[in-house]
Engineer: 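Before I ask anything, here is the structure I am working with.
It should be emphasised that the depicted structure is a prediction, and the values quoted were computed from it without experimental measurement.
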Amino acid sequence: MSPCDPQLESEAKPARRRAILLTSYQTGATRGKNLGVPGYSYDLVAQLFVPLLARWGEIIPVARESSALEAATREARRRGLDPIHVSFLPFQDFCPAPSVPNVIVPAWEFPDAPDHVFDGNPRNDWLAASRQCDLILVGGQFTGETLQR
């Protein structure tokens, strides 16, 4: 058990219950549907993280749009939960929730990250989009170094 383990945290002081607002493509791949469609792997990775995330709070799947995220935020707070948004999406499809901390888990295995607007989508500038995140979790050192550069 590490000092950052939520179990130790709860022993030290009563923690407010959390809600994990989880966004991904919701392709149905985790139910054996649409395997191979763009983004299906993000859903599979998100499901692998669910047991870990469930240790920190109630998992609430949410559509990846501002209105759905804000509605889920309000509902979680109404229920006495402290919400945080965790997104398993690439930056160009990430929609930040303005009133809660945002965590993104992008899968990226190329030596450069997109750093400018193209195709009319400002989110294609991953550097700008990353500034709207409170935390970026990567799958390995290569991706971390790519995003740092």
Engineer: Parallel under 30°, tilted from 30 to 60°, perpendicular over 60°: which one fits the rings of F91 and F94?
Structural biologist: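 Rings of F91 and F94: perpendicular, over 60°.
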Engineer: Would a distance-only check, ignoring hydrogens and angles, find a side-chain to backbone donor-acceptor pair under 3.5 Å from N102 to D134?
Structural biologist: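 Side chain of N102 to backbone of D134, a donor-acceptor pair under 3.5 Å: no, none is there.
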Engineer: Closest heavy-atom contact between S99 and T73?
Structural biologist: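 Looking at all heavy atoms of both residues, the shortest contact is OG-CG2, 3.6 Å.
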Engineer: What I'd like to find out is whether the side chain of I59 reaches to under 4.5 Å of the side chain of R18, using heavy atoms alone.
Structural biologist: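 Not touching, per the 4.5 Å side-chain cut-off.
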Engineer: At their closest point, which heavy atom of I136 faces which heavy atom of S130, and how far apart are they?
Structural biologist: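 For I136 versus S130, the nearest heavy atoms are CD1-CB, 3.8 Å.
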Engineer: Compare every heavy atom of A19 with every heavy atom of I60, then report the nearest pair and how far apart it is.
Structural biologist: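 Distance-wise, the nearest heavy atoms are CD1-CB, 3.8 Å.
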Engineer: Enumerate the salt bridge (charged side-chain N to carboxylate O under 4.0 Å, His left out) contacts for residues 86-97, please, sequence neighbours excluded, ordered by first and then second residue.
Structural biologist: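 Listed by first then second residue: nothing to list.
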Engineer: Could you give the distance from CD (Q92) to CZ (F118), rounded to the nearest 0.5 Å?
Structural biologist: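 Atom-to-atom, Q92:CD and F118:CZ are 7.0 Å apart.
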Engineer: For R79, give me all partners under salt bridge (charged side-chain N to carboxylate O under 4.0 Å, His left out), at least two apart in sequence or on another chain.
Structural biologist: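 Applying salt bridge (charged side-chain N to carboxylate O under 4.0 Å, His left out) to R79 gives E58.
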Engineer: Could you pull out the closest heavy-atom pair between C95 and L69, with the gap in Å?
Structural biologist: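 Reported closest heavy-atom pair: O-CD1, 3.3 Å.
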Engineer: Taking the side chain as C-beta and beyond, is there a heavy-atom pair between L52 and R55 under 4.5 Å?
Structural biologist: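 They are in contact (side-chain heavy atoms under 4.5 Å apart), so the answer is yes.
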Engineer: May I ask whether I84 and V50 are part of the same hydrophobic cluster, defined by side-chain heavy atoms of I, L, V, M, F, W, Y residues being less than 4.5 angstrom apart, directly or through others?
Structural biologist: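 Same hydrophobic cluster.
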Engineer: To the nearest 0.5 Å, tell me how far L81 CG sits from R17 CZ.
Structural biologist: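 Result: 4.5 Å between the selected atoms.
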Engineer: With H85, which of V62, T23, I20 fulfils side chain to side chain contact (heavy atoms under 4.5 Å, CB included)?
Structural biologist: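 The option that passes is T23.
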Engineer: Which heavy atom of I104 sits nearest to which heavy atom of C133, and what is that distance?
Structural biologist: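 Nearest heavy atoms, I104 then C133: CG2-SG, 3.5 Å.
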Engineer: Can the ring centres of F88 and Y42 be said to be less than 6.0 Å apart?
Structural biologist: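 Ring-ring flag for F88/Y42: false, centres at least 6.0 Å apart.
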Engineer: V86 versus L21: any side-chain heavy-atom pair under 4.5 Å?
Structural biologist: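 A side-chain contact is absent here, since even the closest heavy-atom pair is not under 4.5 Å.
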Engineer: Between P96 and P98, what is the shortest heavy-atom contact and its length?
Structural biologist: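 P96 and P98 have their closest heavy atoms at O-CD, 3.5 Å.
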